[in-house]
Every structure is written in C-alpha cells, then in structure tokens.
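Structure record follows, encoded as structure tokens.
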Amino acid sequence: MSDDIIAIDGPAGSGKSTVARAVAQQLGWSFLDTGAMYRAVTCEVLARGIDLHDDAAVGALADTLTLTTTPRVSVNGRDVQDEIRTDTINVAVSVVAANPLVRQAMVSRQREWAKSQPLGTVVEGRDIATVVFPDATLKVFLTASVEERARRRGDESPASIARRDNADSTRVTSPLRQAHDALFIDTTDRAAQDVAGEIVQCLKSRRSS
Ligand code: CDP
C-alpha cells in the first residue's frame with residue numbers, strides 16, 4: 001500500500017483527465033477521476049426524482065451509493081458512462097458538487113481508495129490538493145486559454161463551461177483554487193504526453209533532492 005499521491009486540479013478542459021491518465025501510465029500508478037464520482041451521484045439523484053436542492057436527501061443518498069469509475073463509470077451497478085457527459089448532468093452536477101454532505105461522502109471514499117492502492121495514485125478534480133490530499137507528494141494546477149478549453153470540450157458549449165467554472169470557483173465549500181505550493185502549468189498548445197513528462201520529471205527531481 002502506498003501513500004504517494006499526485007494531486008491535479010484545474011478548470012474544465014484544462015487537460016486534467018488526459019494528463020492524469022498519462023502520468024499514471026508513465027509511473028505505473030492508479031488513476032482516479034473524482035469528477036466522474038460527482039457526475040455519477042448526480043445521475044442517481046435525477047433517476048430517483050430527488051430534489052437537487054434538498055441537501056439532506058441528496059447527501060444521505062450519496063452516502064449509500066456504490067460507485068465505480070473504472071473501467072466504466074457506474075452507480076449501484078448501473079452503467080452511466082455516457083449519461084454523465086450529457087447537458088442535463090453538466091447543469092445538475094454543479095448543484096450536487098456544492099453540497100457539503102456529498103463532498104464529505106466523496107472525500108472519505110477518495111482517501112480510502114487511494115490508501116488501498118499498491119503503488120501511488122494520481123487523483124484529479126477541483127479540491128484534490130487543497131482539501132482531499134493537502135499532504136500530497138506533488139500538487140499540480142493545470143489551466144489553458146478559454147478558447148483552447150472550449151475546443152477540447154467539443155461536446156459542451158463554451159457558455160456551459162463558463163457557467164460551471166464560475167459555480168466551481170465561487171461556491172462556499174471547497175471552491176476550485178490553486179494550492180499555494182502547486183506546480184502551475186499552462187497546457188495551451190502543449191501535448192498531454194509532454195505535460196505528463198514535465199510532472200513525472202518534477203516528481204523525480206523532488207525525490208532526489
Ligand atoms: O471534465 P471536467 O473538468 O469538465 O469536469 P469533471 O472533472 O468531470 O467535474 C464535473 C464537476 O464535478 C465539476 O464542474 C465540479 O462541479 C465537480 N467536481 C468537484 O466539485 N470536485 C472535484 N474534485 C471534481 C469535480
């Protein structure tokens with residue numbers, strides 16, 4: 001079991017998932033997409049007809065769910081891999097992710113899961129370096145120009161991305177923030193493998209110093 005964590009945060013379309021997967025692959029570590037967890041919870045809230053704004057009911061449900069993110073995203077055994085990327089979920093997830101009870105439930109699962117991985121874990125999201133793993137081995141904050149981020153997220157409109165970014169950055173509980181000790185990387189015009197290589201190099205040089 002390993003305590004090694006690379007925590008990667010950033011806004012939508014900054015390259016988090018692709019870069020995090022590539023880093024995990026280069027190191028032979030596990031990978032966790034925490035956004036998929038919030039999206040999967042949102043699918044189940046809507047499927048059950050629960051009021052999105054009923055924090056207590058949504059939080060209680062989040063506590064009981066069985067979630068998987070690999071090889072496919074599922075909630076209570078139901079495959080939601082495609083559904084999590086729909087416009088309906090893009091809108092509703094901002095409400096569910098702002099719910100402190102949901103966040104508490106997801107954060108404890110994320111910590112437990114990482115602890116059980118044999119080597120290290122690369123975790124990506126919005127609050128990973130600031131809240132979930134404040135003692136991570138390496139913290140990274142990715143960004144890219146607004147145009148590039150919209151291009152990468154071709155399935156989501158620029159207006160929807162901007163709305164989500166604003167909701168994520170201004171919410172009270174665990175807003176999207178760069179940790180003060182995070183490595184900042186602008187991924188505009190850079191290939192994911194190149195950015196992943198920079199992160200792996202940074203990890204290695206910190207370990208040898
Ligand atoms: O892929 P993209 O960056 O567009 O989004 P995502 O990582 O799938 O996350 C979807 C939404 O979940 C975000 O807009 C946040 O509201 C929320 N989220 C969060 O609050 N905390 C995390 N650690 C990860 C995602």
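These figures come from a predicted structure and were not determined experimentally. Atoms within each ligand, like the ligands themselves, are counted from 1 in listed order. Counting begins at 1 with the first residue of the sequence.
For Arg171, every heavy-atom contact with ligand 1 shorter than 4.0 Å involves the side chain, none the backbone.
Scanning all protein heavy atoms for the shortest distance to atom 24 (C) of ligand 1 gives Thr34 OG1, 3.3 Å. Remark: minimum distance from atom 7 (O) of ligand 1 to any protein heavy atom is reached at Arg126 NH1, 3.2 Å. Remark: minimum distance from atom 8 (O) of ligand 1 to any protein heavy atom is reached at Arg39 NE, 2.7 Å. Nearest protein heavy-atom neighbour of atom 2 (P) of ligand 1: Arg153 NH1, 3.0 Å. Among all protein heavy atoms, the one lying closest to atom 16 (O) of ligand 1 is Asp168 OD1, 2.5 Å. When only non-hydrogen protein atoms are considered, atom 25 (C) of ligand 1 lies nearest to Gly35 CA, 3.5 Å. Remark: minimum distance from atom 21 (N) of ligand 1 to any protein heavy atom is reached at Arg103 NH2, 2.9 Å.
Interface atoms of ligand 1 facing Ala97, defined by a heavy-atom separation under 4.0 Å, are 16 (O), 17 (C), 20 (O). Applying the 4.0 Å criterion to heavy atoms of Arg85 picks out, from ligand 1, the atoms 1 (O), 8 (O). In summary, the atoms of ligand 1 found under 4.0 Å from a heavy atom of Lys16, numbered by their order in the structure, are 3 (O).
Of the inter-residue distances, the one linking Asp186 atom CG with Glu148 atom CD reads 9.5 Å to the nearest 0.5 angstrom.
Just one residue in the list Arg163, Arg153, Arg39 forms a side chain to side chain donor-acceptor pair (under 3.5 Å) with Asn90, and that residue is Arg39.
For Pro175, the side-chain contact (heavy atoms from CB on, under 4.5 Å) test picks out Arg171, Arg177, with sequence neighbours left out.
Counting only distance, with no hydrogens or angles, the side chain of Gln117 and the backbone of Trp113 share a donor-acceptor pair below 3.5 Å. At least one donor-acceptor pair under 3.5 Å links the side chain of Lys139 to the backbone N or O of Pro134.
Around CG of Asp51, the count of heavy atoms belonging to other residues, nucleotides or ligands within 6.0 Å exceeds 12. Within a 6.0 Å sphere centred on CG of Asp79, heavy atoms belonging to other residues, nucleotides or ligands number more than 12.
Using a 4.0 Å cut-off between charged side-chain N and carboxylate O, Asp165 and Arg126 make no salt bridge.
By the 3.5 Å distance cut-off applied to N or O atoms, Asp127 is counted among the residues near ligand 1.
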